[in-house]
Amino acid sequence: MNVLRIFYLVLFFLINKSLSSKCRTTRTGNDVFTDCHGRGFRYVPRNVPNDTTCLDLSDNELSVISNFAFFRLKYVSSLKLSSAQISVIESKAFSGLVKLTSLDLRNNTLDIHSLLENVFNSLPFLRILDLSQNNFHQYPEKVLENLSDLERLSINGINEQTFGNGFRSLSKLTYLNFHPCSITRIDNTTFDVFKNIQLTELILNCKIRYVEPGALNSFQSIERLDISRNFNNVRISYLLQILNGLMDRNVTSIDFSNNFRTIPAADVLLASQFAMIGAVCVKEVDLSHNQKLILKENSIWGDRSLAIEIVKLVNLRWLDISNQATLHVKNKTNKNKTDVRRLDKTDTNYFSDRLTFVFQLPHNLQYIDASYFGERNTRLNNINFTNAGKLDFLNLAGNKFKDCLGHFHGLSHLQTLDISDFNCSDLDLKMISFMPYLKTLISRRTHLNVGLQNDVNGDFLKQLFGLKQIDFSENEFVTFNKHMFVSQYRSLISLDLSKNKFSKFPIQISKFSTLKKLSLVQNRIVFLLKSDMNQLENYQRDKHINFELLLNDNSFVCNCDSIDFVKWLQETKVTLDNNRNYSCMYIDNSKKTTVYAYTHLDFIESKCLSKIWLIITIILVVVFLLLFTASSLVYKYRITVHFWYLHIRRKYRHYTALEGDSKEYKYNAFVAYCNEDEEWVCGSLVNYLEKTNGLALCLHDRDFAAGKLIMDNIIDAIFESKKVVLVISEEFLKSSWCEFELDMARMKMFQDNRDMLVVVLLNKLSPSQMPISLQRIWNKVTCLEFDEIICTNQNGNFEHLFWKRLYEAVVM
């Protein structure tokens, strides 16, 4: 039994060791961060480094946190156990965590019975506790009573549950967040237990339906109040009553966003409600001095009267009208449809048909945030701002105009412009030219890769000599025109080209004088060329600038081609991001880092040398295989090759008939025979076919040209004869020249696709005794079999049926 227990303990240890090896440890100074989240752990791993200061075990399957699970980790100050499916925590589970200050237990399945009364007693320095998003139906008062030094608490807000002595014990609590929060009613006694607690931040994202005016009287030190996201539950005009308890208090911010009811009628704020806000002295929303007006996340889009009313706020300096909900109103169709037609840029009305809108601004306005205001799929018309002499910030991001063919006027002192998410595929290069003091241009996701493809002279930025920061990220740039930033060579400090499609270093940095930061994050660069690296080194040295280059998340390779780049990353004086350590595709096609590659450069160089020899070897092997294959094919089809060689040689040596000439043969038949059968061929055969029937035969003894190669004579005879008569005997089958004549005749038959072979068997030979090449075409030849009478007949009697069949076979 003891042996079995030891076996299970060893098995448990090995499993935990195997699992913990999946964790990743990062050391920065005195901080040791061990990341074990999302690794599928069912137990707390045992071999986490003892000097770990931050441990993340979230998104695992821990279920139960057993006693002494962390007993060796005395240096851990932050422990994350969120989303770990925890349902039970034993009483001494956190023993040993003597320096723990932050504990995250959110989004588990804890309830009041999961936490024993003394579970947190071993955590004397705990200051931050997150119990939100669990299954509490009652507040864990007994546990909270022992956390008198707790400063920040997040917990479920439970409807119809009172706050007891557990919360009263949290004397040092400054931050309280209820999440999720199902509280629907807040009355004057709800928060009585917090009267002696100096709470500064309260978050009530609940489902409030009823409030009493003095509900917040207990919070004497509140600085930030968040009562947002009560969708469709209470009107903001009614919710504002809660501010009665904060009269004459100095509050930094109050967030009432997303508190609205769409039915049955719109919410109206009266002067008395605004007076209530003013009585609280809120810094974030202060209408009493008309300096800052935040109207974001409303439905004011399309309300033309708003512009008229805002002008009256003569001291207004900050205007936020971002994130407006667009109204679904059917547009009236213009009969001429001029607003939606696609015009040719050569048309003189291409720009002239643009409307010009005039916006009068409050004289002291400095900041406008109109991002995501609601403009969508409309043309960008000319916009003329008046009274904009002090406006230095304009945010128009997220207004998806379908082109960039309008102009901005009146922004002579503007310093920051954000036009992200415009569709600048169609771009007027003079669009922002009238902003001489512009210092920051943000143009993300604006399709500038299309709009600027014809800007060969850099006209888009030509007049902006003071630009210091440019953000052209997420524009799908592949390359830049070399004159793009010619006007910014002496002014540009920061250039963001991240999330594009550059595969090479995109700019000529030696042209710049003040550039300090260039971001090429998330592009497609595999490595920098030697010329690029030299250019960066020279720029840093010659300009005396501490240049920063951001290269993270590129498609780097660490192989034979990038050895110089890997060295440069670690040896350059240029400031790089990510501690000069980037992910790269290693020489063995595995994922490694550039630091790893740098420490193993000898291995890469040896592999590269081996690779060169391997390539040479492969080339030689391939050449050998090709030669071997070609030789094998030539040998296999040697007869065919020989035939075509002789045929081509004959073709270029002899006369070739003009196209359309009818084919005429010199001989009716070429007779192939061996010398042993010469007497019968030159006797009976010649007498019958030539003398008796007037046919022309070609015989090698008589008709071959003297001085010509035998094989050439054979080819000429076959090509100049209508038929080929093979006189086969046992001696014929032994002759190599007869075999050659047979092969050449067979190839000619295939070339002309006609039956031209006549076989005369002088001996009693079976088809199986024939050459293999003849057996394959046996059913395509005319065969006249042996007859003793014919062979012995040397007189002029040709009455035998054999001769008639032979004549018909030759002339047909």
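The chain is numbered in sequence order, starting from 1.
Rounding to the nearest 0.5 Å places OG1 of T416 at 6.0 Å from CZ of F393. Taking CD of Q469 as the reference point, atom CG of D496 lies at 10.0 Å (rounded to 0.5 Å).
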Going through the distances and angles, do L55 and S78 end up as a side-chain contact (heavy atoms from CB on, under 4.5 Å)? CA-CA 6 Å; L55 176 60; S78 174; over 6 Å; no
Derivation of the side-chain hydrogen bond (donor to acceptor under 3.5 Å, both in side chains) call for S503 and K501: CA-CA 6 Å; S503 58; K501 296 181 179 180; over 6 Å; no
Intermediate values then yes/no, side-chain hydrogen bond (donor to acceptor under 3.5 Å, both in side chains), T34 and T52: CA-CA 6 Å; T34 301; T52 296; 2.9 Å; yes
Can you check side-chain contact (heavy atoms from CB on, under 4.5 Å) on L520 and N523, steps first, answer last? CA-CA 6 Å; L520 294 173; N523 276 276; 4.1 Å; yes
Start with the C-alpha distance between H37 and D35, add both sets of side-chain angles, then the distance that settles side-chain hydrogen bond (donor to acceptor under 3.5 Å, both in side chains), and finish with yes or no. CA-CA 6 Å; H37 85 280; D35 184 1; 2.5 Å; yes
List the steps and the verdict of side-chain contact (heavy atoms from CB on, under 4.5 Å) for F120 and L129. CA-CA 10 Å; F120 296 131; L129 176 61; 4.1 Å; yes
For a side-chain hydrogen bond (donor to acceptor under 3.5 Å, both in side chains) check, start with the C-alpha distance between D421 and T446, then their side-chain angles and the critical distance, and finish with the verdict. CA-CA 5 Å; D421 293 305; T446 49; over 6 Å; no
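Between F502 and F480, the ring planes are tilted. Angles from 30° to 60° get that label. The aromatic rings of F628 and F624 sit parallel, their planes meeting at an angle under 30°, below the 60° perpendicular limit.
Under the 4.5 Å side-chain criterion, counting only non-hydrogen atoms from C-beta, F33 is in contact with D56. Looking at heavy atoms from C-beta onward, T440 lies out of side-chain contact with L467 at the 4.5 angstrom threshold. Side-chain contact check for M435 versus F408: some heavy-atom pair is nearer than 4.5 Å. Between Q85 and N60, the closest side-chain pair of non-hydrogen atoms is not below 4.5 Å. In this structure the side chain of F505 never reaches within 4.5 angstrom of the side chain of I525, judged on heavy atoms.
Within a 6.0 Å sphere centred on NZ of K516, heavy atoms belonging to other residues, nucleotides or ligands number 12 at most. Within a 6.0 Å radius of CG in D542, other residues, nucleotides and ligands contribute more than 12 heavy atoms. Under a cut-off of 6.0 angstrom, the local environment of CZ in F68 is crowded, with over 12 non-hydrogen atoms contributed by other residues, nucleotides or ligands. No more than 12 heavy atoms of other residues, nucleotides or ligands shown are found within 6.0 angstrom of NZ on K99. The 12-atom threshold is not exceeded at NZ of K439, counting heavy atoms of other residues, nucleotides or ligands nearer than 6.0 Å. Remark: Y437 OH is loosely packed, at most 12 non-hydrogen atoms of other residues, nucleotides or ligands lying under 6.0 Å away. For Y75, the OH atom sits in a loose shell: 12 or fewer heavy atoms of surrounding residues, nucleotides or ligands are nearer than 6.0 Å.
For the pair P49 and T25, the tightest heavy-atom approach, listed with the atom from each and the gap, is CG-OG1, 3.7 Å. Residues L380 and F422 come closest through the heavy atom pair CD2-CE2, 4.2 Å. For the pair L429 and G451, the tightest heavy-atom approach, listed with the atom from each and the gap, is CD2-O, 4.4 Å. In terms of heavy-atom proximity, T572 sits nearest to L576 at CG2-CD1, 4.1 Å. Between S82 and N108, the shortest heavy-atom distance links the atoms CA-ND2, 4.0 Å. Between L492 and K468, the shortest heavy-atom contact is CD1-O, 3.4 Å.
Not a single donor-acceptor pair under 3.5 Å links the side chain of N395 to the backbone N or O of A370. For the pair E201 (side chain) and T174 (backbone), a donor-acceptor distance under 3.5 Å is absent.
Using a 4.0 Å cut-off between charged nitrogen and carboxylate oxygen, R27 and D51 count as a salt-bridge pair. The pair K530-E537 fails the salt-bridge criterion, with no side-chain N (NZ, NE, NH1 or NH2) lying under 4.0 Å from an Asp/Glu carboxylate O. Between E474 and R444 there is no salt bridge, since no side-chain N of the basic residue sits under 4.0 Å from a carboxylate O of the acidic one.
Y539 and F547 have their aromatic ring centers within a separation under 6.0 angstrom.
Among Y586, F527, Y596, F565, the single residue meeting the ring pair (Phe, Tyr, Trp, His ring centres under 6.0 Å) criterion with F556 is F565.
No side-chain donor from either of Y367 and D392 sits under 3.5 Å from a side-chain acceptor of the other. Side-chain N/O atoms of S132 and N177 include no donor and acceptor closer than 3.5 Å. At a cut-off of 3.5 Å, with distance as the only test, no side-chain donor of D602 or H600 sits close to an acceptor on the other residue.
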